[in-house]
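A quick write-up on the structure given underneath.
The figures here come from the full heavy-atom set of this structure, side chains too, leaving out hydrogens, waters and symmetry mates. Bear in mind the structure is a predicted one, so any value in this text is a computation, not a measurement. The sequence lines fix the lettering, A, B, ..., with proteins before strands; numbering per chain opens at 1.
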Protein chains: 2
Amino acid sequence: MKSNSYLLFVKAFGSPIRLKILEQLKNSPKSVMQICSSLGFEQSKVSHNLRCLIDCGFVKNRRDGKKRIYSLNKETVVPLFKIIDKHISKNKEHLIECGVISE
Amino acid sequence: MKSNSYLLFVKAFGSPIRLKILEQLKNSPKSVMQICSSLGFEQSKVSHNLRCLIDCGFVKNRRDGKKRIYSLNKETVVPLFKIIDKHISKNKEHLIECGVISE
DNA sequence: ACTTCATATGACTAATAATTCATATGAAAA
DNA sequence: TTTTCATATGAATTATTAGTCATATGAAGT
């Protein structure tokens, strides 16, 4: 069964903060501190979540002196966002009422 | 910001059991008990998660006498699975090592 | 080599989500 | 109209995930 890799994918993706990080990186590659300050999050919080995104292949990074620059794996993330956009625009009214959300 | 609807989407999608339910429905529409027995899960567990999938627009249902038949919103779910498949096949070795997974 | 800056990581705690259990609802058959 | 079958739901418990804090690492400059 291929659920295990699927699981990996959806769990990594299914998180508010990781979603926000991906949205940040959509525009341009960024260092950890850049992400922190634009989102108002702590460094280690962002680092932990970036690790997860790296592990699951949604982002990659490269060293730049002392910094580390993170960028999107666009091949996966861009079409993913497109599907979500489409789904949301087609189901807007309905989605408001869902009970899973806490934030 | 559109994070809120995105959030809704990714949280609903980012769950092992909901993923498995969606995989079941990929083949054909099913009643709650059919899903239960093919996955070996309890009825209320499945019902709760189906509610979430309904709320977020991934599945729809219709009554059939005493039963209720659930089916996929293929327009969203099928392309979603395609992207995941592609991502997994391109990142197979790497994905194994990810630390987010518990199951 | 030591200090600093940028990031990573581990362990603990806090927040959130999933599961269970008991019960409710609602359609159909007796 | 009551019994049964199929599913839904609420509340409480348990499990999982995220966040925090302290500390480690590692590159670069002094």
Side-chain angles (χ1 to χ4, degrees), chain A residues 3-4 6-22 24-25 29-56 58-71 97-103, chain B residues 3-4 6-22 24-25 29-56 58-71 97-103:
Chain A
S3 269
N4 276 14
Y6 272 60
L7 215 89
L8 202 67
F9 186 107
V10 300
K11 280 197 173 187
F13 195 66
S15 139
I17 180 173
R18 290 195 283 278
L19 183 68
K20 281 175 189 156
I21 292 174
L22 291 175
Q24 283 298 315
L25 297 177
K30 289 190 173 59
S31 72
V32 177
M33 280 314 288
Q34 280 181 302
I35 297 169
C36 287
S37 52
S38 55
L39 291 175
F41 293 149
E42 280 193 311
Q43 179 264 315
S44 81
K45 183 174 170 177
V46 171
S47 279
H48 276 299
N49 282 281
L50 280 169
R51 160 129 304 281
C52 172
L53 290 171
I54 284 278
D55 286 343
C56 296
F58 292 123
V59 306
K60 50 200 168 187
N61 64 29
R62 63 176 169 81
R63 235 184 208 295
D64 174 28
K66 292 179 190 170
K67 297 180 180 179
R68 200 171 267 280
I69 306 298
Y70 285 82
S71 59
E97 313 161 32
C98 177
V100 236
I101 295 316
S102 50
E103 195 193 27
Chain B
S3 269
N4 275 14
Y6 271 61
L7 216 90
L8 202 69
F9 186 107
V10 300
K11 279 198 173 187
F13 194 66
S15 138
I17 181 173
R18 291 195 284 278
L19 183 69
K20 280 175 189 155
I21 291 174
L22 292 174
Q24 283 299 316
L25 297 178
K30 288 189 174 59
S31 72
V32 177
M33 280 315 287
Q34 280 181 301
I35 297 170
C36 287
S37 52
S38 54
L39 291 175
F41 294 148
E42 280 193 313
Q43 179 265 314
S44 81
K45 183 175 172 177
V46 171
S47 279
H48 276 299
N49 282 281
L50 280 169
R51 159 129 304 279
C52 172
L53 289 171
I54 284 277
D55 286 343
C56 296
F58 293 121
V59 306
K60 51 201 166 186
N61 64 28
R62 64 178 168 79
R63 239 189 204 293
D64 174 28
K66 291 179 191 170
K67 296 180 181 177
R68 201 170 268 280
I69 306 298
Y70 285 82
S71 58
E97 314 160 31
C98 178
V100 238
I101 297 316
S102 50
E103 193 193 28

Donor-acceptor contact below 3.5 Å, side chain A/R18 vs main chain A/C52: no

Rounded interatomic separation in angstrom, taking CG from A/L39 and P from D/dG19: 12 Å

For atom CD of B/E42 and atom P of C/dC21, their distance in whole Å: 6 Å

Whole-Å distance separating the CD1 atom of A/I54 from the P atom of C/dT9: 10 Å

Rounded interatomic separation in angstrom, taking CG from A/L7 and P from D/dT16: 12 Å

Heavy-atom side-chain contact between A/K11 and B/P16 under 4.5 Å: yes

Inter-end axis angle, the helix from C/dA1-D/dT30 to C/dA30-D/dT1, with every axis fitted to five base pairs (rounded, 10 degrees): 20°

Side chain to side chain, A/L53 and A/I21, heavy atoms closer than 4.5 Å: yes

Which atom pairs link the protein and nucleotides 7-14 of chain D when you take only N or O atoms and keep those under 3.5 Å?
residue	atom	partner	partner atom	Å
D/dT7	OP1	B/V32	N	3.2
D/dT7	OP1	B/R68	N	3.4
D/dT7	OP2	B/M33	N	3.0
D/dA8	OP1	B/Y70	OH	2.3
D/dA8	OP2	B/S47	OG	2.9
D/dA8	OP2	B/Y70	OH	3.3
D/dA8	N7	B/Q43	NE2	2.7
D/dA8	N6	B/Q43	OE1	3.2
D/dT9	OP2	B/R51	NE	2.6
D/dG10	O6	B/H48	NE2	2.7

A/N49 CG to C/dG10 C1', straight-line distance once rounded to whole Å: 15 Å

Set of residues satisfying side-chain contact (heavy atoms from CB on, under 4.5 Å) with respect to A/V10, sequence neighbours excluded: B/F13, B/L19, B/I84

Side-chain ion pair, B/R68 and B/D64, N-O less than 4.0 Å: no

B/S38: partners by side-chain hydrogen bond (donor to acceptor under 3.5 Å, both in side chains), with sequence neighbours left out: B/Q24

Whole-Å distance separating the CG atom of A/L53 from the C1' atom of D/dA18: 13 Å

Value rounded to 0.5 Å, distance of CG in B/L39 from CD1 in B/I17: 7.0 Å

side-chain hydrogen bond (donor to acceptor under 3.5 Å, both in side chains) involving B/K67 - partner list, sequence neighbours excluded: none

Nucleotide C/dT19, atom C1' - distance to CZ of B/F41 in whole Å: 11 Å

Residues that B/S44 engages under side-chain hydrogen bond (donor to acceptor under 3.5 Å, both in side chains), provided they are two or more places apart: none

Integer-rounded Å distance: D/dA15 C1' and B/I17 CD1: 14 Å

